[in-house]
Amino acid sequence: MGCPTAPPDHTKPGHPADHGPTPAATMHPIEAPNDNFRLLIRQASALCVLVHSLYIALFVWAKVDALAWLNVASVLTHCTAFWLSRTDRHVRAASLVLIAEITVHAIAATVVIGWEAGFHYLMLPVVPVAMLSSSEHRMTKNAIALCLTAIYLGLDGWSDNNPPQYLLDDTVLDLLRYQNIVTLLLAFIVLSRGYYNMVTQAQAALAKEASTDPLTGAVNRRRLMDMGRSEMAKQQPGSRPWPCCCVT
């Protein structure tokens with residue numbers, strides 16, 4: 001009867017345990033692109049704070065105290081949304097606060113001073129904000145978009161059959177309408193930049209995933225081939241070709 005073999009000594013030189021962690025333990029995970037939706041909410045909230053501050057001054061000058069105080073509340077609400085969006089953890093709450101405030105403000109201002117003031121324009125960028133959200137389910141996004149569309153159409157129909165509660169001077173109405181148009185354009189600029197950043201970083205993440213080994217993080221064969229073709233394309237006509245290595 002033979003002697004039982006001793007268990008392997010993991011402390012002996014040459015054992016894999018002495019050569020550091022395995023490749024699976026040292027793999028470099030591919031990082032996901034930054035969530036630009038959070039930055040989009042912060043930029044939109046900052047823009048809303050600036051715009052509503054101008055509204056406060058304009059409504060105080062027009063002696064519409066109700067809307068002046070409404071814009072004070074709007075500034076505080078957007079400051080809250082800006083504070084919530086400082087981290088990814090509360091970005092969903094920040095986006096919902098932003099969407100709700102803009103919708104309520106547009107409805108209240110249209111009811112009080114009429115359709116001609118152009119506050120309904122502010123609801124138009126809310127739909128793409130809701131659709132760009134990375135934390136909402138597709139059905140939720142569609143429901144928000146349909147709800148906003150119904151509110152917009154209902155507000156239009158209500159304005160046709162009901163006069164405004166305050167009759168403002170034409171000069172004040174023109175100032176409000178032009179300011180709302182400028183705000184609309186600025187909002188779409190912010191949205192366009194945010195969407196471009198999202199697409200760009202998503203493409204960069206996909207390109208990195210396709211050109212690196214998921215286990216080691218090293219450049220894979222596909223990327224090496226692309227680099228080789230790129231360098232060969234840079235060679236001028238008539239220049240000395242690269243040496244070729246043939247394996248027999």
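None of these values were measured; they are calculated from a predicted model.
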Please name the pair of heavy atoms, one in [X] and one in [Y], separated by the smallest distance, quoted to 0.1 Å.
{"X": "W115", "Y": "S159", "result": "CE3-OG, 3.6 Å"}
{"X": "L67", "Y": "A109", "result": "CD2-CA, 4.2 Å"}
{"X": "A108", "Y": "L70", "result": "CB-CD2, 3.8 Å"}
{"X": "I102", "Y": "C48", "result": "CD1-SG, 4.2 Å"}
{"X": "V129", "Y": "F37", "result": "O-CE1, 3.4 Å"}
{"X": "A106", "Y": "L155", "result": "O-CD2, 4.1 Å"}

Would you say the side chain of [Y] lies within less than 4.5 Å of the side chain of [X], judging by non-hydrogen atoms?
{"X": "V112", "Y": "F59", "value": "no"}
{"X": "Y196", "Y": "V199", "value": "no"}
{"X": "I113", "Y": "V172", "value": "no"}
{"X": "I107", "Y": "H120", "value": "no"}
{"X": "Q179", "Y": "L58", "value": "yes"}

Can you hop from [X] to [Y] via hydrophobic side chains spaced under 4.5 Å?
{"X": "L176", "Y": "W61", "answer": "yes"}
{"X": "V111", "Y": "Y55", "answer": "yes"}
{"X": "L146", "Y": "I144", "answer": "no"}
{"X": "L186", "Y": "L122", "answer": "yes"}
{"X": "L50", "Y": "I181", "answer": "no"}

From [atom1] ([X]) to [atom2] ([Y]), nearest 0.5 Å:
{"X": "L54", "Y": "N71", "atom1": "CG", "atom2": "CG", "value": "10.0 Å"}
{"X": "M139", "Y": "N142", "atom1": "CE", "atom2": "CG", "value": "6.5 Å"}
{"X": "L148", "Y": "L153", "atom1": "CG", "atom2": "CG", "value": "11.0 Å"}
{"X": "T103", "Y": "L98", "atom1": "OG1", "atom2": "CG", "value": "9.0 Å"}
{"X": "Y152", "Y": "T110", "atom1": "OH", "atom2": "OG1", "value": "8.5 Å"}
{"X": "L39", "Y": "N197", "atom1": "CG", "atom2": "CG", "value": "8.0 Å"}

Legend entry - Side chain R42, main chain F82, donor-acceptor under 3.5 Å: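 At least one qualifying donor-acceptor pair exists.
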
Inset, instruction - Would you confirm whether D88, through its side chain, and R38, through its main-chain N or O, come within 3.5 Å as a donor-acceptor pair? - result: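 Not at all, since once roles are kept as given, no pair shorter than 3.5 Å links the two residues.
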
Legend entry - By side chain to side chain contact (heavy atoms under 4.5 Å, CB included) - contacts of L184 (at least two apart):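 So L184 forms a side chain to side chain contact (heavy atoms under 4.5 Å, CB included) with Y121, L124, P125, F188.
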
Inset, instruction - Tell me, please, which residues at least two apart from S53 pass side chain to side chain contact (heavy atoms under 4.5 Å, CB included). - result: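 So S53 forms a side chain to side chain contact (heavy atoms under 4.5 Å, CB included) with V49, V75.
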
Inset, instruction - Assign the ring pair H105 / F119 to parallel, tilted or perpendicular, where the plane angle (0 to 90°) is split at 30° and 60°. - result: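 Because their plane-to-plane angle lies in the 30° to 60° range, the rings of H105 and F119 count as tilted.
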
Inset, instruction - State whether the number of non-hydrogen atoms from other residues, nucleotides or ligands found under 6.0 Å of R193 atom CZ is greater than 12. - result: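 No, CZ of R193 has 12 or fewer neighbouring heavy atoms, counting only those of other groups under 6.0 Å.
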
Legend entry - Within 6.0 angstrom of W69 CH2, more than 12 heavy atoms from elsewhere: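 It does not: W69 CH2 has 12 such atoms or fewer within range.
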
